[in-house]
Amino acid sequence: MSLGTDLGQALRALFGAEGLLTGGATEAYRIGRNRPEAALRPADEAALSRVLAIAWAGGLAVVPWGGGSHQSIGNPPERYDLALDLTRLDRLVAHDPGDLTATAQAGIRLADLARRLAEHGQFLPLDVPLPERATLGGALATRLSGPLRCRYGTARDLVLGLRVAHADGTISKAGARVVKNATGYDVTKLYLGSHGTLGIILEATFRLYPRPEVERGWWLRAPDLATVQALANRVLGSHLVPSRVELMEGGAAQACGLGGNGLLVCVSGLPEAVAGQRADLERMAGACGLRLAEIPDGPPVWKAVSDFPWGGAGMAHAGLEALWRGGVLPADCAKAVQAIQAALPQRVQAAVAATVSHGALRGAFRAETAGALVQGLNAAREALVGLGGYLVVQRLPDAARNGLDVWGRPPDGLGVMRRLKAAFDPKGILNPGRFVGGL
């Protein structure tokens with residue numbers, strides 16, 4: 001639907017030159033081949049609410065926009081009239097260090113939020129890829145999580161409450177600003193991972209953790225992935241409390257400045273406790289015939305692992321690249337990587353890593369042609385499905401989109417998801433078609 005002259009003038013009067021972008025200025029908000037007619041940058045919730053009310057009345061399709069670092073996830077929008085940029089909503093609204101909770105607006109960059117919390121010796125263990133660009137709202141809407149989920153869980157475990165703007169512009173709260181909250185069904189979790197199709201996250205309250213005094217990491221290189229999995233099982237089934245347990249095959253390890261197949265294990269806490277866990281880890285590794293190699297420049301490596309594969313897969317192969325995530329049972333991570341390697345055509349190059357505690361895989365494929373890339377993705381998906389898992393494509397070249405569903409087979413609960421979409425957004429104006437099943 002075209003904005004029309006009258007509507008364009010009304011939006012310009014409401015937002016001014018700084019808050020309304022049109023023409024070539026909207027190129028920065030392109031998703032695949034789709035570009036909006038206008039991009040709006042509201043400075044407060046009232047202005048954002050007004051935009052949604054206008055879009056609701058006119059049937060305009062709205063795509064929420066944060067840092068743009070993960071907008072490639074999902075299908076391109078079926079309709080795209082307005083990009084709603086939340087990056088001016090970037091305040092740390094409240095922080096209670098004593099209660100280990102904080103509330104921040106959705107447009108705050110995760111790296112900026114981390115710096116603010118670090119001033120009080122605390123952190124939010126949501127290690128989403130590319131935190132310098134990624135915003136809090138975008139991370140929650142896509143429900144991305146990194147290796148720290150091994151110890152701290154995912155967004156579902158960290159978020160206590162949300163403020164959400166609905167399709168018609170009304171604003172509501174879900175959850176609470178306290179750690180203990182028993183009010184029946186947790187509506188908050190509906191919005192996490194819904195990709196902005198049910199509502200637009202404006203503000204989030206989350207639990208924090210003290211920054212550890214010491215954090216150390218070790219790389220345990222192994223002759224094969226089965227040995228890596230065996231050690232990971234020992235570590236996760238022991239008394240150790242690791243912050244990261246990452247199985248990495250050679251391509252992923254090389255991309256992160258490591259070498260060969262191996263296991264990355266990190267431990268944090270008090271110096272004495274970390275030293276004790278290091279000794280125990282060394283004994284476990286020895287039982288598997290492996291040796292510990294301490295990572296001297298830990299933080300850069302850990303960031304590379306958290307950013308993988310979004311930070312660049314580091315493969316020499318030129319051509320087209322696809323990024324993906326998947327899941328299997330934690331005990332099947334090595335089997336999954338081996339199954340992918342066996343299924344891929346020779347002309348497709350891969351780099352794969354797994355957060356073993358959650359059976360969460362992620363990786364990059366590269367190929368010379370779109371056809372080969374699609375063939376590789378389909379083969380890898382079938383390999384994971386054969387293990388009871390799944391694969392979702394997160395970034396895909398436009399040339400490879402024909403004949404490939406980025407979400408894969410629809411889940412059994414698709415009917416429930418459709419009813420939720422109809423209840424929350426009956427006109428279908430929020431990110432239409434982006435999510436699984438064309439929601």
Side-chain angles (χ1 to χ4, degrees), residues 1-31 35-69 71 77 79-94 103-110 112-113 133-141 161-174 191 194-205 424-432 434:
M1 178 177 178
S2 175
L3 295 182
T5 303
D6 292 342
L7 182 54
Q9 290 176 347
L11 291 173
R12 188 169 289 104
L14 182 62
F15 288 95
E18 183 180 4
L20 174 64
L21 304 176
T22 58
T26 64
E27 182 63 31
Y29 299 90
R30 178 180 292 277
I31 301 175
R35 193 179 80 177
E37 290 198 49
L40 302 168
R41 303 181 65 243
D44 53 43
E45 288 186 1
L48 183 145
S49 176
R50 178 61 178 151
V51 170
L52 287 175
I54 292 172
W56 177 263
L60 301 175
V62 177
V63 172
W65 195 282
S69 54
Q71 282 286 359
R79 297 181 295 121
Y80 191 7
D81 298 309
L82 300 176
L84 192 53
D85 187 330
L86 277 72
T87 53
R88 294 174 73 185
L89 304 178
D90 61 353
R91 291 188 302 114
L92 178 59
V93 177
T103 301
Q105 290 184 306
I108 193 170
R109 311 277 179 177
L110 288 172
D112 293 336
L113 176 61
R133 292 179 56 197
T135 60
L136 177 63
L140 301 182
L162 297 173
R163 280 174 60 82
V164 178
H166 298 278
D168 63 355
T170 59
I171 295 175
S172 67
K173 295 181 181 180
Y191 299 104
S194 66
H195 294 263
T197 59
L198 299 180
I200 298 177
I201 296 172
L202 300 177
E203 186 178 287
T205 299
F424 282 72
D425 180 18
K427 290 188 177 182
I429 70 167
L430 296 179
N431 243 348
R434 297 294 299 279

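Residues D425 and T197 form no side-chain contact, since every pair of their non-hydrogen atoms from C-beta on lies 4.5 Å or further apart. Counting only heavy atoms from C-beta outward, the side chains of Y29 and D85 approach each other to under 4.5 Å. The closest side-chain heavy-atom distance from L89 to E203 is not below 4.5 Å. Looking at heavy atoms from C-beta onward, L162 lies in side-chain contact with L140 at the 4.5 angstrom threshold. A 4.5 Å side-chain heavy-atom check between L60 and E37 finds every atom pair outside the cut-off. Residues T170 and W56 have side chains not in contact (no heavy-atom distance under 4.5 Å, counting atoms from C-beta outward). A 4.5 Å side-chain heavy-atom check between L202 and I171 finds at least one atom pair inside the cut-off. Side chains of L136 and I201 form no contact here, defined as non-hydrogen atoms less than 4.5 Å apart.
Nearest approach of P36 to T26, heavy atoms of both residues: O-OG1, 3.3 Å. Counting all heavy atoms, side chain and backbone alike, A104 lies closest to L113 at CB-CD1, 4.3 Å.
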May I have the step-by-step check of side chain to side chain contact (heavy atoms under 4.5 Å, CB included) for L86 and T135, ending in yes or no?
CA-CA 9 Å; L86 277 72; T135 60; over 6 Å; no

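For the side chain to side chain donor-acceptor pair (under 3.5 Å) criterion with E45, the lone passing option out of R50, R163, Q105 is R163.
Relative orientation of the H166 and F424 rings is tilted, given thresholds of 30° and 60° on the angle between their planes.
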